[in-house]
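These notes concern the structure reproduced below.
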Amino acid sequence: ADSTFNLNCSGAGGSVSGSVNVTVSAPAPVPTVSLSASPESITSGESTTINWTSTDASECTASGDWSGSRNTSGSQTFTSLTADSTFNLNCSGAGGSVSGTATITVSSVVGGSAICGANSSCIEVKSYDCNLSNVHCVGSNQEFSTIQNGVDAATSGGHTVVVSEGTYQGFIVSNSGENGNEILITTNRNNVIINQAASGVNDNIYISNSDDVIIEGFTVINAPAYGIGTHDASSGSPMERVTIRYNTVSNSNSTNIYISNSRNSLALGNIAFDSLTSHGIYVANGGADDTDVIGNVLFGNQKNGLHFNGDGSGDQGIHTGMIVSGNTIYDNTANGIDADGVSDSSFFNNLIYNNGRHGIRVFVIDAENNGSSENLAIYNNTIVLNNSAIKVTDGNGGHSIFNNLYSSNCSFELGTSYTAGQVISNTTLVFTDFNSDDYSIKATSPAIDAGLSNFDSIFAPSYDIEGIERNDGYIDIGAYEI
């Protein structure tokens, strides 16, 4: 506090007083800094945004996996992260300095391909405490005997439903998580079979207009309609960030995995086979933009292995921003990949063989308002034993097609497209064991180092279908690197 100091001095001649006032100012406040990432966990190649605010700071400096001066508040987006990253920020002012840290965890999906493969062994097994309020355990002698009751208890982000081994009726998901803080419904690598539709619907797993949900590790069989399906959103107001991963879905009366009006979503490492009347995976309706289909195995389906259909209803009915990578698609009755109304998307590192019609078929039927297919990148795929390897019709062209490997009995129809770096091969010279469907390439294959590292401003993938790193400048043609 302010203070006054008086002094009186006296002597034979009298006395005198003096005074001094001391003004005490408050100390300069110590700065604060808040640093966060959204999302905190991503798969390799995805992006995240660092947000920060500070008080009583005049300057901030970044370190770790970023550097340099920063404003005292702001945000910065980092794209294509491939490894765990740490972002430090030190802010200082008259009252001192303070630091904050944000850490990003990057999962083991590299180069657009799940190294782990398409099976439940990819699931990270964790030790869950069923006594926690946000962990809901399902099974005999657990809190819940039905998956539906456990899922209903998961009311918000950060809740986890853990299902013990057994055979169960299906379930409906109607609650949402948050971006970076999902609702996880997992088998935790237990053997969990869903062999009945959820109550009141015809899907075994029915996701109803829910954001930020993960469905993981289930074996889904004999669904009356879709094995796993997303529903009840619209192209104008789609659901967001639904992840369907490491499930095995078969013998559905319709499509095995149906992703409708679900934007920024992911189908990863699933096995979908023997749909009785339809597709392995079906990405439907114009609201499903920026959805990735990665590392799945799709075979024996009555129509297409992977089907896209914009199904425009009041909008242009075009899918954009798709990444289709690391999939193995074979023995389907129609096309391997059927892309109706897909633009500005990438197809790479896929193995597509022995489908009844085309390997990759691109066209426009259901797109509305002059919607068009254009600007596709189709590269480093191995496409053999189909009626034709790639057939592109309709649309405005602008496609970049390169580094693909075809067998000699495939035709190649492009429409208006750019092409480069193709190899039409003698299968016995190129593949390890063509007769046994081993389409990795021999050490003496002419496809080795014959690819382009980039074409039309698009770079060849850094990894192959199995996660093997490609040597920049010496790219093998096709989905495999040796």
Side-chain angles (χ1 to χ4, degrees), residues 1-107 124 126-135 153-160 175-184 211-212 240-241:
D2 293 349
S3 301
T4 300
F5 298 91
N6 301 312
L7 184 66
N8 182 276
C9 296
S10 59
S15 63
V16 64
S17 296
S19 179
V20 62
N21 295 317
V22 177
T23 301
V24 179
S25 300
V30 176
T32 66
V33 62
S34 175
L35 189 66
S36 64
S38 180
E40 295 178 340
S41 298
I42 61 174
T43 54
S44 180
E46 293 183 337
S47 62
T48 188
T49 299
I50 303 297
N51 301 284
W52 70 94
T53 59
S54 66
T55 61
D56 301 305
S58 57
E59 61 181 7
C60 295
T61 302
S63 62
D65 289 305
W66 62 344
S67 61
S69 298
R70 294 293 186 277
N71 293 330
T72 54
S73 64
S75 64
Q76 184 173 347
T77 297
F78 294 84
T79 60
S80 301
L81 295 178
T82 58
D84 292 351
S85 302
T86 300
F87 299 89
N88 304 313
L89 189 68
N90 181 274
C91 295
S92 59
S97 63
V98 66
S99 296
T101 297
T103 300
I104 311 301
T105 301
V106 181
S107 65
E124 180 183 359
K126 296 181 179 180
S127 178
Y128 291 100
D129 184 353
C130 297
N131 294 314
L132 296 176
S133 61
N134 65 342
V135 176
T155 55
S156 60
H159 283 245
T160 299
N175 295 321
S176 292
E178 303 165 355
N179 190 4
N181 193 32
E182 300 86 358
I183 293 174
L184 170 62
D211 301 332
D212 301 292
E240 298 264 6
R241 296 174 299 276

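FYI, the numbering just counts along the sequence from 1.
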| task | Would you please name every residue forming a salt bridge (Lys or Arg N to Asp or Glu O under 4.0 Å) with Asp212, sequence neighbours left out? | result | Arg241
| said: Rounded at 0.5 Å granularity, tell me how far CG in Asp211 sits from CG in Asn175. | reply: 11.5 Å
| field | Contacts of type side-chain contact (heavy atoms from CB on, under 4.5 Å), residue Thr160, not counting sequence neighbours | value | Tyr128, Val162, Leu184, Thr186
| query | What's the verdict on side-chain contact (heavy atoms from CB on, under 4.5 Å) for Thr61 and Leu89, showing C-alpha distance, side-chain angles and the deciding distance? | reply | CA-CA 6 Å; Thr61 302; Leu89 189 68; 5.9 Å; no
| said: Within a 6.0 Å radius of atom CG on Asn179, are there more than 12 heavy atoms belonging to other residues, nucleotides or ligands? | reply: yes
Between side-chain atoms of residues 8-27 and protein atoms elsewhere (two or more places apart, or another chain), which donor-acceptor pairs fall under 3.5 Å?
residue : atom : partner : partner atom : Å
Asn8    : ND2  : Ser17   : OG           : 2.7
Ser19   : OG   : Asn6    : OD1          : 2.8
Asn21   : OD1  : Thr4    : OG1          : 2.7

| request: For Ala37, check side-chain contact (heavy atoms from CB on, under 4.5 Å) against everything at least two apart and list the hits. | output: Glu40, Thr48, Ile50, Ala102, Ile104
| message | The test is side-chain contact (heavy atoms from CB on, under 4.5 Å); show your working for Ser54 and Cys60 and say whether it passes. | response | CA-CA 9 Å; Ser54 66; Cys60 295; 4.2 Å; yes
| task | Check whether any side-chain N or O of Asp129 sits under 3.5 Å from a backbone N or O of Asn131 as a donor-acceptor pair, and report yes or no. | result | yes
| field | Donor + acceptor pair across side chains of Thr77, Thr49 (<3.5 Å) | value | yes
| request: Return the set of residues passing side-chain contact (heavy atoms from CB on, under 4.5 Å) with Gln76 (not counting sequence neighbours), or none when no residue passes. | output: Trp52, Trp66, Arg70, Phe78
| said: Restricting to side-chain contact (heavy atoms from CB on, under 4.5 Å), what partner residues turn up for Ala154, sequence neighbours left out? | reply: His136, His159, Val161, Ile183
| Quick check: does any side chain N or O of Ser3 sit under 3.5 Å from a backbone N or O of Ala1, one acting as donor and the other as acceptor? | yes
| From Ser67 atom OG to Phe87 atom CZ, the distance as rounded to the nearest 0.5 Å | 11.0 Å
| query | Are any non-hydrogen side-chain atoms of Thr55 and Thr32 less than 4.5 angstrom apart? | reply | yes
